[in-house]
Each structure stands twice: as structure tokens, then as C-alpha cells.
Amino acid sequence: MHALEMIEVVDAAALIEALRSAGVQQGDQLGLAIADGIGAGFATDTGSWSMSTPHPVPVAAAIEDAFSPRWTWWNSDTAAVLVAGGVRVARCWDVSAAHRMLFGGWRSEPARVWAALNGVSAATIPVMGQLDLLGGGGDDGQPDRPGRPDGHLRPDWVAGGWATNPSHLAQWAATACRAVALQRSVIASLPDPARVEVTVRSESVAELLCAELAADGLPIDLAAADEIIATFLGPRPRHEQDAIAARRRRDDVVLSLPGVGSGTDLRNPAHVRSMLDRVGVDVPDTRAWRLEPFRATSEVVDALLTWRKAERIETTFGFGWIDKHVRDGRLRGAWSGSDGAAGRMTAQAGLHNMPADLRGAVKAEPGHVFVRADLGQIEPRVLAAVSGDAQFAAAAAEDDMYAPVAARLGVDRSVAKIAVLAAMYGQTSGAAGQALQGMDNSYPVAMQYLRDADEQGRAGNDVFTAGGRRIRMWDFGDQYAENPSTERSAMAARGRFARNAVVQGAAAELFKVWAVTVRARGGALGARIVLCLHDELLVHVPSEHGAAAARLLDDCLQEAAWRHFRSARHTAAATVRFVADITVIEKWSDAKG
DNA sequence: ATCGTAGGCGCC
DNA sequence: AAAGGGCGCCTACGAT
């Protein structure tokens with residue numbers, strides 16, 4: 001083991017300086033350890049050091065692990081501070097991310113985490129300024145200790161008291177380490193602890209990746225962006241008056257059509273609906289998919305849908321969007337490692353819902369290329385793996401999984417695809433209904449896996465992804481619960497949600513293992529992930545390493561699949577084939593061809 | 001003024 | 001008989 005230097009205070013600037021002066025490079029493996037749960041010590045192969053300064057961040061100590069020592073912290077705020085300072089550590093245990101996995105839901109601040117680990121209700125978490133005026137025996141512990149006898153953290157510590165002096169910092173760090181120990185004991189009580197712990201680790205590093213994505217941003221060619229936007233809105237307006245005039249011109253195209261009426265507010269769905277009624281188009285709502293059939297026969301509908309498209313660009317993905325989120329040629333937004341539902345990554349600033357039309361503006365910087373890789377048919381393959389359905393897993397041997405499914409069901413490929421998706425989404429109507437019977441006969445194990453999740457969801461019970469994420473059901477479907485007559489709808493909604501979540505969530509887990517593997521292995525090539533899109537990675541890499549990075553992405557996928565599914569209960573899971581479409585490109589829009 | 005909801009639409 | 005999952009972000013609107 002490495003040399004160990006005890007420290008009392010850890011702060012970002014000093015940490016970064018210390019890491020640099022110790023010769024640590026970005027991506028280096030940092031060997032870390034904790035001594036006696038008090039204070040934090042760390043070292044690298046190149047030397048050890050200590051530090052002390054007044055500006056703290058919630059860096060906890062590190063846990064000792066013979067195979068993979070890693071940083072430990074309460075949440076990714078710490079990672080963000082380190083990344084901002086140019087330091088990227090290899091591994092971490094993110095207490096917040098682990099909490100969301102083990103307990104479900106989205107909220108995971110220290111007070112909530114600590115309460116859960118101590119078996120006390122989050123509803124009783126004390127708040128700042130709450131005084132026990134009635135003298136009812138409120139024992140809030142000792143001011144110089146973060147924990148209270150009742151299992152809660154002291155609110156003054158949570159609100160910033162942890163950072164007031166070196167002793168508090170050390171205790172706060174030690175408390176994070178204690179939280180990890182408690183989380184690991186929770187994990188140890190689960191059916192497959194090794195599996196869950198591995199997932200917690202990849203989910204933790206995914207948070208680290210999120211901090212890096214937020215800092216790095218997505219390369220954007222500003223001129224190209226303006227050009228594309230202009231095809232919808234006209235040239236970039238010079239002033240506010242310009243913008244207003246352009247907007248009026250767009251509105252007038254629709255408003256001047258016969259029967260529309262200049263008083264119609266195109267941005268008010270109720271107005272639009274009655275206007276459509278006047279021109280002979282009777283629809284329950286004005287969604288695009290509902291209006292599309294009328295497009296060929298109604299000039300008004302056609303103009304309205306064209307207007308809607310431009311309006312979407314104007315309001316959400318237009319010049320204002322570029323101006324707000326692009327700096328130094330990079331589009332930046334906040335990232336979250338897992339949503340509150342099934343655990344997919346989320347991103348703000350439009351990074352996850354940028355219209356396909358604008359992808360031509362996503363352009364590699366000079367001397368660089370993108371390597372884009374998207375997983376093929378990830379959800380059915382994951383279903384095969386997590387359910388252990390040998391027949392379904394065998395279908396995954398093909399590049400196109402739907403072909404053998406179609407052959408087995410005796411239906412067209414398009415019907416087979418609909419049937420598979422319908423089973424995973426909980427849809428049983430229409431054309432899918434027929435083929436679903438065939439699915440039940442041909443792939444009973446996979447279908448039973450989905451049915452089990454559905455039944456648990458209907459009953460209001462939590463379900464779990466293969467990696468061990470708890471999917472909370474109790475706060476889902478409330479919108480129906482008020483009315484007893486819609487309880488059936490609520491149950492059905494929970495069933496569909498649960499059915500989909502066990503697949504979508506497991507896919508998200510595999511995706512993140514893949515992503516963090518690419519992150520770990522890509523450093524030597526100068527490869528940086530710049531976008532994660534549920535089943536797609538966009539990697540920015542020096543041009544001369546494009547081909548090598550493409551190979552790396554596939555290698556990492558195979559490694560990720562092996563890591564994630566090797567300990568599965570069913571041997572079938574380990575044999576499921578995962579495929580990625582990988583291309584080296586200069587613009588994101590070059591991808592599909 | 002600020003907030004939450006609904007309708008709507010973008011992506012997977 | 002019918003029953004499609006997730007997210008972010010925009011506008012209008014009603015409630016506070």
C-alpha cells in the first residue's frame with residue numbers, strides 16, 4: 001500500500017495544487033486510504049503530501065479497498081469543484097448516487113441519506129431554526145458532532161457548519177465514510193451484493209462523468225448553427241424590433257389564410273382548436289400527430305404545422321438558445337447521473353432533445369473528429385440478459401434481433417418489432433396485441449419477467465433493476481388516485497411504468513458502465529466523451545486517433561457487458577450479444593447514412 | 001409577482 | 001374495449 005499522510009483539512013484549491021505538485025496527471029489512478037475514520041489521507045505512487053487551507057469543499061476521505069481505492073464524497077458538488085480545477089480522478093464512491101440506487105427516488109441530500117441509513121423517517125428531519133420551545137426532550141446532540149442521538153444529522157452542520165473549522169471538516173468526511181459503510185451493509189443484505197456494489201461504483205463514476213460533461217460542453221460551430229436556424233426563422237435579427245417583425249411575418253402566414261381569423265392566438269391551444277373547428281377540422285386536441293392526417297387536405301393544418309416547427313426553433317432552439325448556452329464554442333448544460341424514475345442520465349440546456357435538424361452544427365474542433373457510437377436494439381437485448389430467457393438471448397446473436405423473432409413468430413419484421421416494444425412498454429392494443437400471444441409462447445421467460453414487474457407495479461410494490469436500483473412505486477400514479485373510479489387506471493399506469501422501468505433502468509446501467517469504461521480507457525488517446533444520449537456516445541478525439549477510438553468504443557462495450565452481466569444468475573445473460581454502430585465523423589449529422 | 005398545471009413537442 | 005415508458009423546455013393560464 002502507498003504511504004499515508006494524515007491531513008485535517010481538505011479544500012479544493014489546495015488539493016488541486018497538491019495533486020499537481022505531486023506530479024499527478026489527469027486520469028492518473030489515485031491511491032487513497034482512510035485511517036481510523038478520522039481525517040483524510042491520501043497518496044500516489046509519486047509521493048505523499050498534506051494540506052490545509054480555509055476554503056473547504058465536502059471532500060470526504062477515501063475508503064480503503066485493496067483492489068480499487070476510490071474517493072468518497074457526499075455528492076457530485078465535490079466532483080464539480082475538482083473538475084473546475086482541472087483535476088479528474090479515476091474513481092469515486094458517490095454517497096448520493098448510491099442512495100438513489102438503494103432507496104429509490106431523486107432526493108439524496110446528506111440529511112436524507114443519513115436518516116435512511118439510520119432507519120428514521122425523512123419526515124422527521126430537523127430544520128434550521130427549529131427550536132424545541134416546549135422543552136419536549138429534543139436532544140440534538142453535541143454541537144461539535146454532526147450526528148444526533150435520534151439518528152439525524154444536526155441541521156446546523158448540514159447548513160454549512162461542517163465547513164467551519166478543520167475538526168468539523170474531518171468529522172464531516174468521516175461521516176461520509178460512515179455512510180458508505182452503512183450503505184455497504186445495506187448492500188450486503190441484498191440478494192446479489194457483489195452485483196449491486198459494482199453497479200453503485202459505475203453509477204458513482206457516472207456522476208463524475210456528468211461533472212466533466214458539464215464543464216467540457218459539446219463542440220458547436222456557431223456559424224453553422226446560425227445558418228441552420230436561419231433556414232427556419234430567417235437571418236439572425238439585429239435588434240428586438242427585427243425579431244418581433246420576423247415573428248409577426250411567420251404568424252401572418254397562418255393568420256391570413258381563409259377562415260383562420262386574425263384574432264386567433266396561435267400559441268393558445270384552445271384558440272387553435274376552435275379555429276380548426278371553424279375550417280372543418282374537428283380534433284380533440286391539436287397535437288401534431290393528430291393533425292398530420294389532415295395536412296394533405298387542409299391548407300390551414302399544413303401552415304399551422306409548419307408554423308409550429310418554426311415556433312419550436314424560435315422559442316427553444318433558436319438564436320437565443322445558442323446565445324444562452326454556448327460559450328467558447330461549447331454548448332454547456334447541467335447533467336444528472338440518474339433521474340428519479342428508472343435511472344437514466346438527464347441533461348439540461350437542450351442537450352438531450354436537440355432537434356435532428358440542428359445536429360449539423362455539432363462539429364468537431366480543428367484537428368479532431370467525433371466517434372459516434374449507438375447501441376443497437378439495446379432494450380430487447382437487455383431484456384434477454386436480465387430475464388435470462390435463453391431463446392430471446394439466442395435471437396440477440398443476430399445483428400438484427402427482430403429478424404429471428406419475426407421468423408419464430410411467423411410474422412413480418414415490423415410486426416415483431418412492434419410486439420417486442422409493446423411488451424416492454426405495456427401496450428397490448430392494436431396490431432401488437434396479436435403478436436404478443438406469439439411472444440408469450442416463444443419467449444415465456446422474458447415475458448414472465450415483464451409480467452412480474454407489471455404485477456408488482458400494479459400492487460404498488462417497488463421493483464428492482466438487475467443492477468439493484470430500487471424503482472419506487474408509491475409516488476407514481478397519484479394523478480389517478482384521487483378518484484376511486486380511476487384506480488384501475490392508476491394501477492395500469494404503475495404496471496406499465498414498472499414493466500418499462502426494469503428494462504429501461506437496466507439499459508441505463510449498462511450504458512453507464514460502457515460510458516465510464518470509455519472514460520477510463522480513452523485517456524491515452526485523448527478521447528473525451530462530450531455527449532451521452534441514453535444509448536449513444538459522442539466522443540471527441542484527435543483526428544489521428546479516430547480509428548483507434550472507434551475500436552476502443554467497441555472493446556469497451558464488450559468489457560462493459562462482461563462486467564455488468566457476468567455474475568447474473570442465468571448463464572443466458574452472459575451470452576447476450578451487444579452491438580454498436582460506430583462511425584468516425586466530423587459533424588454529428590454525418591452519422592446516419 | 002410567483003407557482004403549478006396543461007398542452008405541446010423535441011429527443012431516446 | 002382500450003390501455004406506450006422516460007426526460008427538458010416552451011407558452012398560456014389559473015391559483016396563490
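Small disclaimer: the values here were computed from a predicted structure and weren't measured. Below, read A as the first sequence line, B as the second, and so on, with proteins coming before strands; counting in each chain starts at 1.
- Note on A:A341: only backbone sugar-phosphate atoms sit closer than 4.0 angstrom, heavy atoms only; bases stay farther off.
- Contact check on A:R381 versus A:D535 returns no salt bridge, with no Lys/Arg side-chain nitrogen under 4.0 Å from an Asp/Glu carboxylate oxygen.
- Separating the CH2 atom of A:W106 from the C1' atom of C:dG6 is a distance of 16 Å, rounded to the nearest angstrom.
- Nucleotide C:dT11 holds its P atom 12 Å from the CG atom of A:D265, rounded to whole Å.
- Distance CH2 (A:W335) to C1' (C:dG8): 12 Å, rounded to an integer number of Å.
- With sequence neighbours excluded, the residues satisfying salt bridge (Lys or Arg N to Asp or Glu O under 4.0 Å) with A:R107 are A:E109.
- The distance from atom CZ of A:F511 to atom P of C:dC7 is 17 Å, rounded to the nearest whole Å.
- In the set C:dG8, C:dT11, C:dG5, C:dG8 carries the atom at the smallest distance from any side-chain atom of A:T346.
- Whole-Å rounding puts the A:F497 CZ to C:dC7 C1' distance at 12 Å.
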- Query: Reading nucleotides 5-12 of chain B from the 5' end, what letters show protein touch, with B for base, S for backbone sugar-phosphate only, - for no heavy atom under 4.0 Å?
  - Reply: --SBBBBB
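- Between A:E379 and A:R267, it is A:E379 whose nearest contact on DNA chain C lies nearer the 5' terminus.
- Within the nucleic acid shown, A:A349 comes within 4.0 Å of sugar-phosphate atoms alone, with no base atom in reach, counting heavy atoms only.
- C:dA3 atom P lies 20 Å from atom CZ of A:R451, rounded to whole Å.
- Distance from the side chain of A:N268 is smallest to C:dA12 among C:dC7, C:dT11, C:dA12.
- No contact: A:A508 has no heavy atom under 4.0 Å from any strand.
- Residue pairs satisfying the side chain to side chain donor-acceptor pair (under 3.5 Å) criterion with at least one member in residues 326-336 of chain A, sequence neighbours excluded, are listed as follows: A:R330-A:E365.
- The closest side-chain donor-acceptor pair between A:Q377 and A:D400 falls under 3.5 angstrom.
- Under the 4.0 Å criterion applied to side-chain N and carboxylate O atoms, A:R519 and A:E212 are assigned as salt-bridge partners.
- For A:L436 and C:dA3, the CG to P distance is 14 Å, given to the nearest whole Å.
- As a whole-Å value, the separation of A:L351 CG from C:dG6 C1' is 17 Å.
- By the 4.5 Å heavy-atom criterion applied to side chains, A:S76 and A:D94 are counted as neighbours.
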- Could you walk me through whether A:D302 and A:R295 pass the salt bridge (Lys or Arg N to Asp or Glu O under 4.0 Å) test, one step at a time? CA-CA 5 Å; A:D302 184 52; A:R295 191 161 200 170; 2.7 Å; yes
